[in-house]
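First comes the structure, then the notes that go with it.
Worth saying up front: this structure is predicted, and the values here are computed from it rather than measured. Basis for what follows: all heavy atoms, side chains included, without hydrogens, waters or symmetry-related copies. Proteins get letters first, then strands, A, B, ... in listed order; numbering begins at 1 in each.
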Amino acid sequence: MQIATWNVNSLKVRLPHVLDWLQTTGCDVLGLQELKLDNDANAKLVEEFKNIGYQFVYNGQKTYNGVAFISKHPIEDITLDIPGYDDIQKRVIAATVNGVRVICTYFVNGESIGSEKYQYKLEWLSKLHGYVSSQLQSHKRLILLGDYNIAPEPRDTYDPAIWEGQVLCSEPEREAFQKLIALGLIDSFRHFNQEDRQYTWWDYRNLAFRRKQGLRIDHLLVTPDIINVASSCVVDTAPRKLERPSDHAPVVITLNI
DNA sequence: ATGGCAGTGCCTCACTGA
């Protein structure tokens, strides 16, 4: 069973890439972020994915944000947003597939240190922590996946001299990431891969992808009960090489279940 | 030294992203 995360930066533009990728890889469950589509697009998308054998469930809004699941297997116990946190931005969808609880998230970007959006990011991170903590009480097999907008360590940026202390790399953001780890979660990519220069996002500018100038900001944090049945976690850079790509690449974990 | 790309919608500019 393969479970993946992918920030598509507009599903309207990237729909052909997503359809091709699902058919090429046979991925079982794909969590998407940044669909940038209102929920009125839902019926068309449900049909598009049904035609290739997948279910589609969406939590979206016009222009910004938006998260979704695409799955070959039944999507059960769907929860939208962070319960108890009043937030108009659509950043979270959770569901259970084949007994695995998957929380798909688009973390706040934060713009710059000290900005209002940065304050919102820190508040949102605190609310997410509470939600994940409560979900862990009832789910031993859990995956928190998505675009975290946090590079956990200096080696997760192509040039720490540029990025250290900036948004995505600041201490409060990294502490929030470590607080998720402290809940008992494991960074599944690092569990399998210690090599440097492994990224999931590359700026559209400056030929960043060709120059291998990226950040590792898309993650799958998993419980011990998941890592025990996992055999790999890889970044699939193939879609980043296509015409009109998303600036993010999918990250895929393979489970022996 | 600067800004450089991409997507959306209030669409020929502003906003957001990372």
Could you go through nucleotides 2-6 of chain B and list every protein N or O atom that sits under 3.5 Å from one of its N or O atoms, giving the distance for each pair?
unit_1: B:dG4; atom_1: N2; unit_2: A:N206; atom_2: OD1; d: 2.6
unit_1: B:dG4; atom_1: N3; unit_2: A:N206; atom_2: OD1; d: 2.5

Between [X] ([atom1]) and [N] ([atom2]), how many Å, whole number?
X: A:Q33; N: B:dA18; atom1: CD; atom2: C1'; result: 14 Å
X: A:D40; N: B:dT8; atom1: CG; atom2: C1'; result: 14 Å
X: A:D247; N: B:dG17; atom1: CG; atom2: P; result: 12 Å
X: A:L168; N: B:dG17; atom1: CG; atom2: P; result: 11 Å
X: A:L215; N: B:dG17; atom1: CG; atom2: P; result: 15 Å
X: A:K62; N: B:dT8; atom1: NZ; atom2: C1'; result: 9 Å
X: A:K117; N: B:dA18; atom1: NZ; atom2: P; result: 11 Å
X: A:N65; N: B:dG7; atom1: CG; atom2: P; result: 17 Å

Quantified in whole Å, what is the [atom1] atom distance between nucleotide [N] and nucleotide [M]?
N: B:dT12; M: B:dG17; atom1: P; value: 22 Å
N: B:dC10; M: B:dC5; atom1: P; value: 25 Å
N: B:dT2; M: B:dC15; atom1: P; value: 22 Å
N: B:dA6; M: B:dA18; atom1: P; value: 16 Å
N: B:dT16; M: B:dC11; atom1: C1'; value: 15 Å
N: B:dA1; M: B:dA14; atom1: C1'; value: 25 Å

Looking at [X] and [Y], would you say the former's side chain and the latter's main chain have a donor-acceptor pair under 3.5 Å?
X: A:H219; Y: A:V251; answer: no
X: A:S10; Y: A:V13; answer: yes
X: A:T25; Y: A:W21; answer: yes
X: A:D28; Y: A:Q2; answer: yes

Contact class for A:N7 (heavy atom, under 4.0 Å): base, sugar-phosphate, or nothing?
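Sugar-phosphate only.
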Classify A:E111 by what it touches in the nucleic acid, base, sugar-phosphate, or nothing, heavy-atom distance under 4.0 Å.
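Nothing: the residue A:E111, judged by heavy atoms under 4.0 Å, touches no strand.
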Would you find more than 12 non-hydrogen atoms of other residues, nucleotides or ligands less than 6.0 Å from A:I88 atom CD1?
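Atom CD1 in A:I88 is not packed in, count stays at 12 or less.
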Can you check whether [X] has a side-chain N or O nearer than 4.0 Å to OP1 or OP2 of [N]?
X: A:H248; N: B:dG17; result: no
X: A:Y106; N: B:dA18; result: yes
X: A:S10; N: B:dT8; result: yes

Closest nucleotide of DNA chain B for A:T63 versus for A:N109: which of these residues is on the 5' side?
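Between the two, 5'-proximity favours A:T63.
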Anything below 3.5 Å on both distances counts as a pair; with that, list the stems of at least three consecutive Watson-Crick or G-U pairs involving DNA chain B.
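The stems are B:5-9 with B:13-17.
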Look at the aromatic rings of A:Y158 and A:W163 and report parallel, tilted or perpendicular, splitting at 30° and 60°.
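The arrangement is perpendicular - the two ring planes meet at more than 60°.
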Look at the rings of A:Y199 and A:W202 and say which category their plane angle falls in: under 30° parallel, 30 to 60° tilted, over 60° perpendicular.
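Ring orientation, 0 to 90° scale: perpendicular.
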Are the charged groups of [X] and [Y] less than 4.0 angstrom apart, N to O?
X: A:K127; Y: A:E123; value: no
X: A:E116; Y: A:K121; value: no
X: A:D187; Y: A:R216; value: yes

